[in-house]
Amino acid sequence: MDINKITSLSELWEQQQTAPMKSAADSTHMNVMNTANKIIADTDNSHNDMYKSAIFKKLWSKKLLHLSNEPVLTGRENLRQPDLFEHLDDYPQHEHNRVIFSNGMFYSTIGQYTRGYYIWRDTHSVSEAYNSLVDVIHPTMPGALATRLTQAVNVLNINTNGDFLITSDVKDSNEATINEHWSIKEADEPLLNSGVYIVRICKGNNVRIKETHVQSNTVYCNRWIYIVDYGATLEIERHVLQAEGVIDSTHVIQYPGSRLKINTHDRGNQWRNIDITAYQKTVTEVNGSTLLKDSDSANFIDVQHKGYDGNSNIKYNSAIYNSNTGNFIGTVQVEKKAVGTKSKMTNKNLLVDPLSRAFSKPILHINTKEIECTHGCTTSKISEDELYYLQSLGVDRGTAKTIIANGHIQI
């Protein structure tokens with residue numbers, strides 16, 4: 001295995017901008033790499049508020065260990081579930097399928113073909129699928145870098161109704177070992193896990209996905225592309241359970257008549273960008289819950305209504321402690337032919353401590369008539385009356401703050 005020197009995402013970005021393209025193993029990888037080169041060349045990071053936040057600069061410049069030329073996971077024989085009672089609380093009424101993501105690769109832990117889903121990798125179909133999306137997805141620095149580093153794309157096709165767990169948690173695998181004498185878990189710098197993933201919900205299916213990041217000594221830099229086909233419904237619960245940092249770009253494409261619901265649960269050290277392209281008669285709901293006790297976070301969402309009679313509701317609530325900063329930029333774009341669009345966007349920030357800060361910026365771009373669009377952002381401190389009331393019930397002041405903050409960010 002080729003082990004690079006200790007580096008950072010910013011250093012890798014600079015290298016990839018000028019480095020010659022390596023020869024790919026096949027035409028599929030070559031097409032993906034050519035696309036990545038084009039995205040890197042077209043990505044403009046000047047005067048972009050997304051890259052000015054402190055959390056982006058912190059994660060982008062953080063020292064980390066980048067393992068090149070080999071995915072962290074190596075083989076399906078180790079991808080077993082040793083605890084047969086594991087994850088039962090996630091979906092107590094429903095059986096769910098478990099798919100693992102790592103460094104641009106999807107891995108299935110059970111018989112995927114008998115469960116109504118399948119994974120494309122290293123095929124011409126993968127190249128066609130990705131290249132067909134290039135002109136639609138919004139280029140970002142993390143997304144372009146993830147593509148260039150992994151040199152490949154995997155596609156998860158879901159053609160069934162059901163519950164899925166898409167996770168980085170790989171118990172009993174050899175992802176924690178570079179060789180028999182040295183473990184990643186003992187490294188001073190976190191490991192980089194970077195990849196590009198396409199998830200397609202096929203026509204008319206209803207799917208719930210729980211997406212989890214579960215590696216404490218890992219920085220994730222990923223691009224996610226979700227496609228919700230005609231008449232399909234997708235609900236995503238996004239959790240960061242353990243991570244040194246998450247910096248990712250997500251693009252969701254909603255075909256006509258589809259429904260989308262995203263619930264994000266952020267606990268700091270995260271930079272998330274979500275772009276949604278919604279066509280006619282789509283329903284879009286995004287709920288963000290951000291709790292910042294030990295670090296900053298940033299959330300950016302851009303909903304583009306491209307078809308008529310679309311309906312979107314975007315809500316982000318944050319509770320910010322200590323001297324941390326919460327960042328939110330929300331954009332709703334309504335194209336000329338998107339008549340009948342109804343959109344609502346709200347961002348409510350609760351400053352728990354005197355030095356807490358919040359940066360909010362709502363943006364509307366309306367290019368047609370006969371629509372209903374509203375937006376609003378508020379930043380407030382904890383009410384002394386609320387604190388006094390809880391304290392009068394015997395709750396100490398610190399616990400009272402926690403109760404109020406947790407109530408504020410509930411989805």
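Here the structure is a predicted model, which is why all the values come from computation and not from measurement.
- The side-chain heavy atoms of S297 and N299, taken from C-beta on, include a pair separated by under 4.5 Å.
- Without hydrogens or angle criteria, H408 side chain to S318 main chain gives a donor-acceptor distance under 3.5 Å.
- Counting all heavy atoms, side chain and backbone alike, C202 lies closest to D229 at C-CB, 3.7 Å.
- Taking 4.5 Å as the limit, every side-chain heavy atom of I137 sits out of range of all side-chain heavy atoms of D275.
- In terms of heavy atoms, A400 sits closest to L387 at CB-CD2, 3.8 Å.
- Classification of the Y255-Y230 ring pair by plane angle, with boundaries at 30° and 60°, yields perpendicular.
- Considering only residues two or more places apart in sequence or on other chains, S258 meets the side chain to side chain contact (heavy atoms under 4.5 Å, CB included) condition with V228, Q254, T282.
- By the ring pair (Phe, Tyr, Trp, His ring centres under 6.0 Å) test, F300 pairs with W271, sequence neighbours left out.
- Under 4.0 Å is where a charged nitrogen must lie from a carboxylate oxygen, and between D309 and K281 no such pair does.
- Partners of D302 according to the salt bridge (Lys or Arg N to Asp or Glu O under 4.0 Å) rule, which considers only residues two or more places apart in sequence or in another chain, do not exist here.
- In this structure S8 satisfies the side-chain hydrogen bond (donor to acceptor under 3.5 Å, both in side chains) test together with S10, sequence neighbours excluded.
- Not a single donor-acceptor pair under 3.5 Å links the side chain of N103 to the backbone N or O of G195.
- Applying the ring pair (Phe, Tyr, Trp, His ring centres under 6.0 Å) test to H239 and every residue at least two apart in sequence or in another chain returns H265.
- Minimum interatomic distance between N161 and G204 (heavy atoms only, all atoms of both residues): OD1-O, 4.4 Å.
- Closest non-hydrogen pair, S343 versus S312, comes out as OG-OG, 2.8 Å.
- Salt bridge absent: D248 and R223 never bring a charged side-chain N and a carboxylate O closer than 4.0 Å.
- Without hydrogens or angle criteria, D396 side chain to T399 main chain gives a donor-acceptor distance under 3.5 Å.
- Panel note: side chain N193, backbone S102; no donor-acceptor pair is recorded below 3.5 Å.
- Under the ring pair (Phe, Tyr, Trp, His ring centres under 6.0 Å) criterion, Y321 pairs with no residue, sequence neighbours left out.
- With sequence neighbours excluded, the residues that form a ring pair (Phe, Tyr, Trp, His ring centres under 6.0 Å) with Y197 are F101, F106, W224.
- Few gaps surround CZ on R267; more than 12 heavy atoms of other groups in view lie less than 6.0 Å from it.
- For the 3.5 Å distance criterion, the side chains of Q215 and N217 fail to qualify, holding no donor opposite an acceptor.
- The CD atom of E14 sits 11.5 Å away from atom CG of L9, with the distance rounded to the nearest 0.5 Å.
- With sequence neighbours excluded, the residues forming a side chain to side chain contact (heavy atoms under 4.5 Å, CB included) with T374 are K344, listed by chain and number.
- Under the side chain to side chain contact (heavy atoms under 4.5 Å, CB included) criterion, V207 pairs with I158, F164, I201, N205, I209, L234, not counting sequence neighbours.
- For the pair K210 and E237, the salt-bridge criterion is not met [side-chain N within less than 4.0 Å of a carboxylate O].
- Using cut-offs of 30° and 60° for the angle between ring planes, the W60 and F56 rings count as parallel.
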Salt bridge (charged side-chain N to carboxylate O under 4.0 Å, His left out) between E384 and R397: does it pass, once the steps are laid out? CA-CA 10 Å; E384 286 295 330; R397 188 175 180 86; 3.0 Å; yes

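- Not one N or O on the side chain of D353 forms a donor-acceptor pair closer than 3.5 Å with the backbone of L355.
- Nearest approach of L351 to S356, heavy atoms of both residues: CD1-O, 3.7 Å.
- At a threshold of 4.0 Å, the pair K381-E386 does not count as salt-bridged, since none of the basic side-chain nitrogens sits closer than that to a carboxylate oxygen.
- For the atom pair H66 NE2 and S194 OG, the distance stands at 7.0 Å (nearest 0.5 Å).
- Here the closest heavy-atom approach between residue T140 and residue Y51 is recorded as CA-OH, 3.4 Å.
- Between R208 and E235 there is no salt bridge, since none of the side-chain N atoms of the basic residue sits less than 4.0 Å from a carboxylate O of the acidic one.
- Test E11, E189, E244 against K62 for salt bridge (charged side-chain N to carboxylate O under 4.0 Å, His left out) and you get one pass: E244.
- By the side chain to side chain contact (heavy atoms under 4.5 Å, CB included) test, E372 pairs with K342, sequence neighbours left out.
- Remark: of the listed residues L149, N222, V153, V153 is the sole one forming a side chain to side chain contact (heavy atoms under 4.5 Å, CB included) with V196.
- The CG atom of N273 sits 7.5 Å away from the OG1 atom of T250 when rounded to the nearest 0.5 Å.
- The salt bridge (Lys or Arg N to Asp or Glu O under 4.0 Å) test applied to D296 returns no partner, not counting sequence neighbours.
- A donor atom on one side chain and an acceptor atom on the other are not found under 3.5 Å apart for T331 and H365.
- Screening residues 317-331 for salt bridge (Lys or Arg N to Asp or Glu O under 4.0 Å) gives no qualifying pairs among residues at least two apart or on separate chains.
- Distance alone, capped at 3.5 Å, places no donor-acceptor pair between the N159 side chain and the Y117 backbone.
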